[in-house]
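First comes the structure, then the notes that go with it.
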Amino acid sequence: MPRTGVILLGFGGPDSLDAVGPFMCNLMGREPSDELVERVCRRYLTIGGSSPLGDIAADIAESMQRELKRLGHDAPVRVGMRYWNPFIAEALTELKELGCERVIAVSLSPFESKVASGAYRDAIAQAVEAIGGIEVVEAPLASTLPEYVDYFAGSAAASLTDIEPNDGAVVVFTAHSLPESDLVEGDPYVTGLERVAHAVAEKLGMGAGIHGSGDPVLPGIEAFGSVQAPRAWFLVYQSKGERPGNWLGPWLDEVVTAAADSKATALVVVPIGFMTDHMETLYDLDVIAAEQALDLGLEWARARVPNADDSVVEGLCRLVTKML
């Protein structure tokens, strides 16, 4: 009898320093310069010598497999990465060999975007055409889960307790910046982030988000957020790339500088744009942004991301179960 399988989709990341160059070649579509590879290798050395994404994805897949089995579903779960092993085509091939004619795609990128969702769809389309005899359907995104919002509300609350007293702490929700040229009016990436930021803020008892917030808490900064009591919060963007043109903002480094020039005493950074740890959280936040904030005299705390959190995994399995 035909089976339905599950593929976990991710960007991928180098599993060793030797893999940095080939990974970047896959990501960029061309050979990177030696200088660029060396610079990126130094960053990976700072966070342990490799990307943790592969291991985290494997943990999520194992947890989903176990939970689906507990719910009575014989649905194999495999990891498929866009730019590194195990690749999407390899995962789909394995699922077909296991008798799956239908595969439910679950993205580890929690928000819709051309750079992630579009890249996954392109790779799936190419793989399906080459493999044949398999259909791939998409599950709703992780950010639509109430468990996703609940997780970040709890994670943010825990980080606030790390700073005492925290009356002068500002909560900053972050996500990966994207080129504005990639966006459309009412883009789902931006609207999705605003929805989740607002929902988490509401659970923390903070004010409703509006556009143009910033002054007087962050002089010169306009952002989606709230300056209302009991605590100001803002949605900002990090990890801007080098592609020319305008990128989504305000950028985190600008916000850190503005906070240091204001009455803020601390920043609590809540990376709602990321379901898993990787370079953007472990280096861009925990090293670069944290160092900037501390050098400017601000206290700093970074909320955890879900990774293989049981409640979020159970939520993902609920989405999958509805499609089986």
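Given the structure is predicted, the values throughout are model-derived calculations rather than measurements. Worth knowing before you read on, the calculation uses all heavy atoms, side chains too, and leaves out hydrogens, waters and symmetry mates.
- Each of Leu316, Leu319, Val106 was evaluated against Pro140; a single residue qualifies, Leu319, per the side chain to side chain contact (heavy atoms under 4.5 Å, CB included) test.
- For Asp309 and Ser311, the side-chain atoms include at least one donor-acceptor pair closer than 3.5 Å.
- No donor-acceptor pair closer than 3.5 Å links the side chain of Ser155 to the backbone N or O of Tyr151.
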> Can Asp150 and Lys203 be said to form a salt bridge (Lys or Arg N to Asp or Glu O under 4.0 Å), step by step?
Replying inline: CA-CA 8 Å; Asp150 290 344; Lys203 284 187 173 291; 3.2 Å; yes
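- Taken together through direct or relayed side-chain contacts under 4.5 Å among Ile, Leu, Val, Met, Phe, Trp and Tyr, Ile288 and Leu267 form parts of separate hydrophobic clusters.
- More than 12 heavy atoms of other residues, nucleotides or ligands shown are found within 6.0 angstrom of CD on Glu164.
- Ala116 and Phe11 make their closest contact through CA-CE1, 3.7 Å (heavy atoms, listed as atom of the first residue, atom of the second, distance).
- Looking at Glu35 and Arg39, no side-chain N of the basic residue comes within less than 4.0 Å of a carboxylate O on the acidic one, giving no salt bridge.
- Two different hydrophobic clusters hold Val236 and Val268 under the rule that ILVMFWY side chains link at heavy-atom gaps under 4.5 Å.
- With no hydrogens or angles considered, a side-chain donor-acceptor pair links Arg243 and Ser181 at under 3.5 Å.
- Closest approach of Val77 and Gln65 over heavy atoms only: N-OE1, 3.0 Å.
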>> Show, in sequence, the C-alpha distance, side-chain angles and deciding distance for Val320 and Leu68, and conclude whether the side-chain contact (heavy atoms from CB on, under 4.5 Å) test is met.
In response: CA-CA 9 Å; Val320 169; Leu68 288 171; 4.2 Å; yes
> Taking it one step at a time, do Arg3 and Glu101 satisfy side-chain contact (heavy atoms from CB on, under 4.5 Å)?
Replying inline: CA-CA 6 Å; Arg3 305 170 76 187; Glu101 295 182 1; over 6 Å; no
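- Judged by distance alone, the side chain of Lys96 and the main-chain N or O of Ile131 form a donor-acceptor pair under 3.5 Å.
- Between the side chains of Thr174 and Glu280, not a single donor N or O lies within less than 3.5 Å of an accepting N or O.
- No path of Ile, Leu, Val, Met, Phe, Trp and Tyr side chains, each step under 4.5 Å between heavy atoms, connects Val305 with Val172, placing them in separate hydrophobic clusters.
- Lys240 NZ: more than 12 foreign heavy atoms inside a 6.0 Å radius.
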> When you look at Gln292 and Thr257, which way does the side-chain hydrogen bond (donor to acceptor under 3.5 Å, both in side chains) test go after all the steps?
Replying inline: CA-CA 8 Å; Gln292 180 193 5; Thr257 300; 3.2 Å; yes
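- A 4.5 Å side-chain heavy-atom check between Tyr237 and Val190 finds at least one atom pair inside the cut-off.
- Between Phe173 and Trp233, the ring center distance clears the sub-6.0 Å criterion.
- To the nearest 0.5 Å, the span separating SG on Cys317 from CE on Met64 amounts to 4.0 Å.
- For the atom pair OG of Ser109 and CE of Met275, the computed distance is 10.0 Å after rounding to the nearest 0.5 Å.
- Shown here for Pro306 and Tyr148, the closest heavy-atom pair between the two residues is CG-CE1, 4.3 Å.
- Across Leu92 and Ala127, no two heavy atoms sit closer than the pair CD1-CB, 3.8 Å.
- In this structure, Glu254 contributes its side chain and Trp251 its backbone to a donor-acceptor pair below 3.5 Å.
- A heavy-atom distance below 4.5 Å is found between the side chains of Val115 and Leu178.
- Note that the CG atom of Asp253 and the CG atom of Asp284 stand 10.5 Å from one another [nearest 0.5 Å].
- To the nearest 0.5 Å, atoms CG (Asn85) and CZ (Phe87) are separated by 4.5 Å.
- Annotation for Glu180: atom CD counts as buried by contact number, over 12 foreign heavy atoms lying within 6.0 Å.
- With hydrophobic clusters built from ILVMFWY side chains whose heavy atoms lie under 4.5 angstrom apart, Ile7 shares a cluster with Ile134.
- Between Leu17 and Ser50, every side-chain heavy-atom pair lies at or beyond the 4.5 Å cut-off.
- A donor-acceptor contact closer than 3.5 angstrom links the side chains of Asn166 and Arg231.
- A pairwise comparison of heavy atoms in Leu8 and Ala61 identifies CD1-N, 3.5 Å as the closest pair.
- No more than 12 heavy atoms of other residues, nucleotides or ligands shown are found within 6.0 angstrom of CZ on Arg304.
- Checked for salt-bridge contact, Glu112 and Arg121 meet the test: a charged N lies under 4.0 Å from a carboxylate O.
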> Does the pair Ser159 and Val270 meet the rule for a side-chain contact (heavy atoms from CB on, under 4.5 Å), with working shown?
Replying inline: CA-CA 9 Å; Ser159 293; Val270 187; over 6 Å; no
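- Under the 4.5 Å side-chain criterion, counting only non-hydrogen atoms from C-beta, Pro86 is in contact with Met81.
- Without hydrogens or angle criteria, Thr281 side chain to His278 main chain gives a donor-acceptor distance under 3.5 Å.
- Salt-bridge formation is not detected for the pair Asp162/Arg302: no Lys NZ or Arg NE/NH1/NH2 atom is positioned less than 4.0 Å from an Asp or Glu carboxylate oxygen.
- The pair Glu147-Arg318 counts as a salt bridge, with a side-chain nitrogen and a carboxylate oxygen less than 4.0 angstrom apart.
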> Yes or no on side-chain contact (heavy atoms from CB on, under 4.5 Å) for Phe23 and Tyr83, after CA distance, side-chain angles and deciding distance?
Replying inline: CA-CA 6 Å; Phe23 166 75; Tyr83 298 108; 3.7 Å; yes
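- The CZ atom of Arg102 sits 13.0 Å away from the CG atom of Leu95 when rounded to the nearest 0.5 Å.
- Under the 4.5 Å side-chain contact rule for hydrophobic residues, Leu252 and Tyr189 do not share a cluster.
- Considering only heavy atoms from C-beta on, Ile47 stays 4.5 Å or farther from Arg43 through its side chain.
- Atom-to-atom distance recorded for Thr144:OG1 and Phe111:CZ is 9.5 Å, nearest 0.5 angstrom.
- The main-chain N or O of Val217 is found under 3.5 Å from a side-chain atom of Ser262 such that the two form a donor-acceptor pair.
- Taking both residues in full, the closest heavy atoms of Gly207 and Ala201 are given as O-CB, 4.3 Å, listed atom of the first, atom of the second, then distance.
- No donor-acceptor contact under 3.5 angstrom links the side chains of Thr276 and Asn307, judged on distance only.
- Within the 4.5 Å cutoff, the side chain of Ile210 has no heavy atoms near those of the Ser226 side chain.
- Relative ring orientation between His211 and Phe224 is described as tilted, the plane-to-plane angle lying within the 30° to 60° band.
- Formation of a donor-acceptor pair under 3.5 Å by the Ser177 side chain with backbone atoms of Leu248 is found in this model.
- Of the possible donor and acceptor atoms, one in the side chain of Asp187 sits under 3.5 Å from a partner among the backbone N and O of Val184.
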